[in-house]
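Worksheet: the structure to be examined is printed underneath.
Below, chain A is the first sequence line, B the second, and so on; all start at residue 1.
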There are 2 protein chains.
Amino acid sequence: MATGRTHRPATRSRGIPEATVARLPLYLRALTALSERSVPTVSSEELAAAAGVNSAKLRKDFSYLGSYGTRGVGYDVEYLVYQISRELGLTQDWPVVIVGIGNLGAALANYGGFASRGFRVAALIDADPAMAGKPVAGIPVQHADELERIIQDNGVSIGVIATPAGAAQAVCDRLVGAGVTSILNFAPTVLTVPDGVDVRKVDLSIELQILAFHEQRKAGEEAHADGAGPAAARRTGTGSDASADQGPDGDVPAVMPA
Amino acid sequence: MATGRTHRPATRSRGIPEATVARLPLYLRALTALSERSVPTVSSEELAAAAGVNSAKLRKDFSYLGSYGTRGVGYDVEYLVYQISRELGLTQDWPVVIVGIGNLGAALANYGGFASRGFRVAALIDADPAMAGKPVAGIPVQHADELERIIQDNGVSIGVIATPAGAAQAVCDRLVGAGVTSILNFAPTVLTVPDGVDVRKVDLSIELQILAFHEQRKAGEEAHADGAGPAAARRTGTGSDASADQGPDGDVPAVMPA
DNA sequence: CCATCTTTGTGCACGCGTTCACAAAGACAT
DNA sequence: ATGTCTTTGTGAACGCGTGCACAAAGATGG
């Protein structure tokens with residue numbers, strides 16, 4: 001529908017809030033599902049439910065992209081799929097390299113979600129010479145010596161680090177040195193990069209620890225009758241007002257740092 | 001129960017900000033590294049640098065836990081390791097089940113970061129009968145029929161979903177039905193859960209899409225002088241004035257999902 | 001015991017993100 | 001054409017998180 005140019009967003013032609021950007025892939029996925037079912041239009045309410053967010057938030061998010069909806073009707077699914085894809089840069093082909101082909105690296109190489117969204121695994125790289133040539137997910141693993149050449153030959157700007165923590169910073173430095181400007185880091189380390197390079201971190205163990213925190217809190221609230229936790233864990237009276245008369249000793253439970 | 005036996009750091013009797021909780025594992029990791037090097041104390045400045053955050057933020061985060069530092073000196077590393085571990089619930093043993101032993105599930109089972117922080121893989125579960133009994137990471141895979149029994153026998157409260165998207169919600173429902181109250185979801189789907197159940201999502205493809213957005217933006221900003229994009233498929237106009245330009249009428253370009 | 005120096009703990013201000021609530025825009029029926 | 005009804009787009013209020021800047025606390029040296 002060539003509703004065409006109602007009027008420019010004008011307010012922020014350029015600065016899409018980071019939080020919004022992080023949700024666009026979510027919307028895109030929900031829209032793609034609708035598209036496959038040949039649903040022509042969708043309301044903000046329905047789409048928000050499918051994406052698991054608030055409808056007002058969704059509308060505001062879309063408002064940063066422009067006025068793509070039709071009042072009284074909703075959003076054109078196909079059109080919105082295209083707009084979001086373009087905004088995210090998914091109409092391009094993004095070659096990525098995965099460095100560190102262990103269990104996780106191999107799983108990533110096999111992960112279908114990459115290829116389906118315009119990301120193409122250009123190369124798998126590992127430091128272990130024994131891995132060289134071995135095919136993983138149909139792609140032969142190449143030795144780390146080739147890293148710079150591979151990146152430059154393929155014009156790679158996105159790198160995925162799936163190495164052990166100890167090797168991550170060195171790999172990162174080499175990636176950046178060779179021209180990579182976006183890094184997805186699975187290694188449990190803080191990476192230091194120069195300005196202009198984006199790093200996103202995925203840390204499996206941190207996610208579990210956050211869950212454990214909430215789980216403990218939930219258990220603690222109902223543990224008035226049941227004194228036995230899942231396992232050991234003697235939980236004495238905890239901090240006992242650590243602000244007023246806090247003495248670093250005295251309220252320290254038996255299990256102290258050695 | 002709200003005011004029942006809740007005594008905590010005084011200022012925030014109960015609510016540690018979510019953003020702070022998400023950073024505690026980061027601090028813990030940095031502290032553990034210091035501990036292994038037998039460093040006795042650390043200042044907020046040093047620790048913040050190691051964790052990759054602002055020192056004021058770190059101090060404020062710690063202030064929610066209580067007053068554990070010594071002015072003029074810093075923080076006692078061992079003591080802080082213990083306090084954070086306890087706050088996160090890592091002094092307990094948390095049995096977890098991993099459902100869906102494909103590439104990713106197997107990688108998770110092998111991931112060392114779990115076991116090292118008090119998380120114990122209690123069981124691996126897969127719907128494929130051919131997988132049953134096959135050992136992965138030294139643990140025999142069990143069939144999905146056993147799911148409820150396994151969870152109840154082991155007192156599992158944390159579940160990890162690494163199934164295909166289509167199976168995730170059904171698995172989630174069964175996990176919750178069997179007593180799981182925290183879920184780490186790797187499947188690219190929005191999970192619906194009852195109140196009281198926490199879900200955290202790790203979506204590999206979303207992370208890449210966010211990187212692609214920034215990457216495109218970076219490329220677009222420099223494309224004024226240098227017309228060469230990263231690799232193939234260089235779109236004209238990029239994101240600069242990408243709003244109501246090209247007539248969207250007619251058909252939608254081929255943005256194929258899959 | 002007093003002075004000085006280091007580092008924590010936190011009050012405060014600011015900016016971002018979320019949510020509400022509603023006017024404007026357009027479809028649709030009469 | 002006009003009125004009604006649906007749904008978008010957004011102004012405004014609110015709450016959370018971040019960072020500054022500084023006073024208080026304690027160590028250290030004389």
Side-chain angles (χ1 to χ4, degrees), chain A residues 1-24 26-27 39-49 51-77 79-80 83 210 239 241-249, chain B residues 8-12 14-24 26-27 39-49 51-77 79-80 83 210 243-244:
Chain A
M1 50 176 38
T3 331
R5 56 252 311 252
T6 35
H7 58 144
R8 298 268 286 102
T11 44
R12 325 171 145 243
S13 63
R14 184 122 276 256
I16 298 178
E18 191 58 32
T20 296
V21 172
R23 281 187 295 267
L24 290 182
L26 223 58
Y27 303 143
V39 177
T41 61
V42 64
S43 72
S44 65
E45 203 71 49
E46 294 167 322
L47 183 54
V53 301
N54 185 298
S55 73
K57 191 186 295 184
L58 178 142
R59 287 198 300 276
K60 178 143 291 197
D61 283 342
F62 285 175
S63 79
Y64 294 125
L65 307 182
S67 294
Y68 293 146
T70 305
R71 300 180 189 221
V73 175
Y75 299 91
D76 182 286
V77 170
Y79 185 54
L80 202 47
Q83 289 298 341
I210 295 171
D241 194 36
S243 70
D245 69 313
Q246 65 96 224
D249 45 273
Chain B
R8 275 267 133 73
T11 44
R12 277 307 181 102
R14 164 152 294 246
I16 297 178
E18 192 57 32
T20 295
V21 173
R23 280 188 294 267
L24 289 183
L26 223 57
Y27 302 144
V39 177
T41 61
V42 65
S43 73
S44 65
E45 203 71 49
E46 294 167 323
L47 184 55
V53 301
N54 184 298
S55 73
K57 192 186 295 183
L58 178 142
R59 287 198 300 274
K60 179 148 294 196
D61 283 341
F62 286 175
S63 79
Y64 294 125
L65 307 182
S67 295
Y68 293 145
T70 304
R71 301 179 188 220
V73 175
Y75 298 92
D76 182 287
V77 170
Y79 186 54
L80 202 46
Q83 289 298 342
I210 295 171
S243 56

- Query: Any side-chain N or O of B:Ser43 under 4.0 Å from OP1/OP2 of C:dT7?
  - Reply: no

- Starting from P on D:dA25, measure out to CZ on B:Arg59 and report it in whole angstrom. 16 Å

- Note on the structure: The residue, A:Gly72 or B:Gly72, whose nearest nucleotide of DNA chain C is more 5′ is B:Gly72

- Note on the structure: On a heavy-atom basis, the closest approach of A:Val42 and A:Leu47 is CG2-N, 3.7 Å

- Work out which heavy atom in B:Leu26 is nearest to a heavy atom in B:Ala51; give both atom names and the distance. CD2-O, 3.5 Å

- Item | Interatomic distance where NZ belongs to A:Lys60 and C1' belongs to C:dT18 [whole Å] | 9 Å

- Item | Audit row: B:Ile16, B:Leu65, side chain to side chain contact (heavy atoms under 4.5 Å, CB included) steps and yes/no | CA-CA 8 Å; B:Ile16 297 178; B:Leu65 307 182; 3.6 Å; yes

- Task: Using whole Å, report how far CG of B:Asn54 lies from C1' of D:dA21.
- Result: 12 Å

- Message: As a test of reading the structure: which of C:dG17, D:dA21, C:dA21 is closest to the side chain of A:Ala56, going by heavy atoms?
- Response: C:dA21

- Quickly work out the B:Tyr68 OH to C:dT10 P distance and round it to whole Å. 13 Å

- Under 4.0 Å between a side-chain N or O of A:Arg23 and OP1 or OP2 of C:dT18? yes

- Message: Just N and O in the side chain of A:Tyr75: are any of them under 4.0 Å from OP1 or OP2 of D:dG9?
- Response: yes

- Item | Euclidean distance, atom CG of residue B:Asp76 to atom C1' of D:dG26 [Å, nearest integer] | 16 Å

- Message: Whether the side chain of B:Arg71 and the base of D:dA27 hold a donor-acceptor pair under 3.5 Å is what I'd like checked.
- Response: no

- Message: Does C:dT19 have its OP1 or OP2 closer than 4.0 Å to a side-chain nitrogen or oxygen of A:Lys57?
- Response: yes

- Message: Taking the side chain as everything from C-beta on, heavy atoms only, tell me whether A:Ser63 gets closer than 4.5 Å to A:Arg59.
- Response: no

- Task: Report the nucleotide, chosen from D:dA27, D:dT8, C:dG17, that has the shortest atom-to-atom distance to any side-chain atom of A:Glu18.
- Result: C:dG17

- Query: OP1 or OP2 of C:dG26 less than 4.0 angstrom from a side-chain nitrogen or oxygen of A:Thr70, does that happen here?
  - Reply: no

- Message: Ring centres under 6.0 Å, that's the criterion: do A:Tyr79 and A:Tyr68 meet it?
- Response: yes

- Query: Once you round it to whole Å, what is the distance between C1' of C:dC5 and CD of B:Glu45?
  - Reply: 16 Å

- Message: Does B:Phe62 reach a base, just sugar-phosphate, or nothing at all? Heavy atoms under 4.0 Å.
- Response: nothing

- Task: Provide, to the nearest angstrom, the distance between the CG atom belonging to B:Asp61 and the P atom belonging to C:dG9.
- Result: 12 Å

- Message: Nearest whole Å is fine: how far is C:dT7 P from B:Leu58 CG?
- Response: 14 Å

